[in-house]
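Worksheet: one structure, shown below.
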Amino acid sequence: MSDITHEPATGSEIAPVAGTGRSGEATDHRGLRVLNLEECLDLLRENPVGRVGFVHDGEIVILPVNHVVQGTQVLFRTTWGSKLQSAEDEARVGFQVDHYDTATRTGWSVLVQGSAEVVYNNDECQLLDALAPEPWLHLGEEAFWVRILAVQISGREIVVRPSTS
């Protein structure tokens with residue numbers, strides 16, 4: 001499995017995979033191809049919209065956000081509200097991007113798990129503003145950057161299997 005199993009955002013120690021498929025690639029218990037860490041990070045970088053999940057007032061909340069990736073950290077902008085409150089509390093969060101093709105019945109998913117924190121450094125915020133894609137929704141009021149410090153990054157892919165006919 002392509003997991004970071006150490007303190008947040010400090011290196012690239014990878015845990016062993018669950019198994020291997022016919023082609024020698026790593027597979028999980030269901031036969032899905034396990035994406036390695038670099039593949040996961042590439043997919044995170046290539047897809048500017050993902051979903052952040054967290055608990056707020058005892059409820060599970062999952063919201064779409066535009067994001068950027070720096071190393072193993074995922075960063076996104078937000079305004080006052082539940083996402084910012086979770087970051088200020090340094091809460092555990094999940095972040096996910098995926099893609100699927102209904103015609104070929106293939107797809108992939110990358111999940112980042114870690115904790116959130118608010119980015120307070122003005123120089124870093126200006127750099128992030130320059131790197132970030134244009135938000136889909138105008139934030140209107142003052143926006144804040146939130147960083148997800150990855151503890152675990154994993155990805156799976158459903159691949160086209162050759163027919164056995």
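By convention here, the first residue in the shown sequence is residue 1.
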Straight-line distance of [X] [atom1] to [Y] [atom2], nearest 0.5 Å:
X	Y	atom1	atom2	result
Q126	N121	CD	CG	9.0 Å
L128	D123	CG	CG	11.0 Å
L44	Q73	CG	CD	12.5 Å
Q113	L149	CD	CG	14.0 Å
N36	L41	CG	CG	9.0 Å

[X] to [Y] - nearest heavy-atom pair and separation:
X	Y	result
C125	W145	O-NE1, 3.7 Å
V65	V52	CG1-CG1, 4.0 Å
V34	E39	O-OE1, 4.3 Å
C40	G155	SG-N, 3.5 Å
V93	A116	CG1-CB, 3.9 Å

Quick check: does any side chain N or O of E59 sit under 3.5 Å from a backbone N or O of H56, one acting as donor and the other as acceptor? no

H67 (side chain) donor-acceptor with P48 (main chain) under 3.5 angstrom: yes

How would you list, by chain and number, every residue that makes a side-chain contact (heavy atoms from CB on, under 4.5 Å) with N122, sequence neighbours excluded? none

Is the closest side-chain heavy-atom distance between [X] and [Y] below 4.5 Å?
X	Y	result
L63	F76	no
L127	Q70	yes
W108	V97	yes
V146	E117	no

Does the pair R77 and D129 meet the rule for a side chain to side chain contact (heavy atoms under 4.5 Å, CB included), with working shown? CA-CA 9 Å; R77 284 186 219 119; D129 287 339; 3.6 Å; yes

Under the salt bridge (Lys or Arg N to Asp or Glu O under 4.0 Å) definition, can you give me all pairs with a residue in residues 41-52, not counting sequence neighbours? D42-R45, R51-D98

Between V61 and V112, is there a shared hydrophobic cluster once you connect ILVMFWY residues whose side-chain heavy atoms come closer than 4.5 Å? yes

Do L111 and F54 sit in one hydrophobic cluster, given that two such residues count as connected whenever their side-chain heavy atoms are within less than 4.5 Å of each other, even indirectly? no

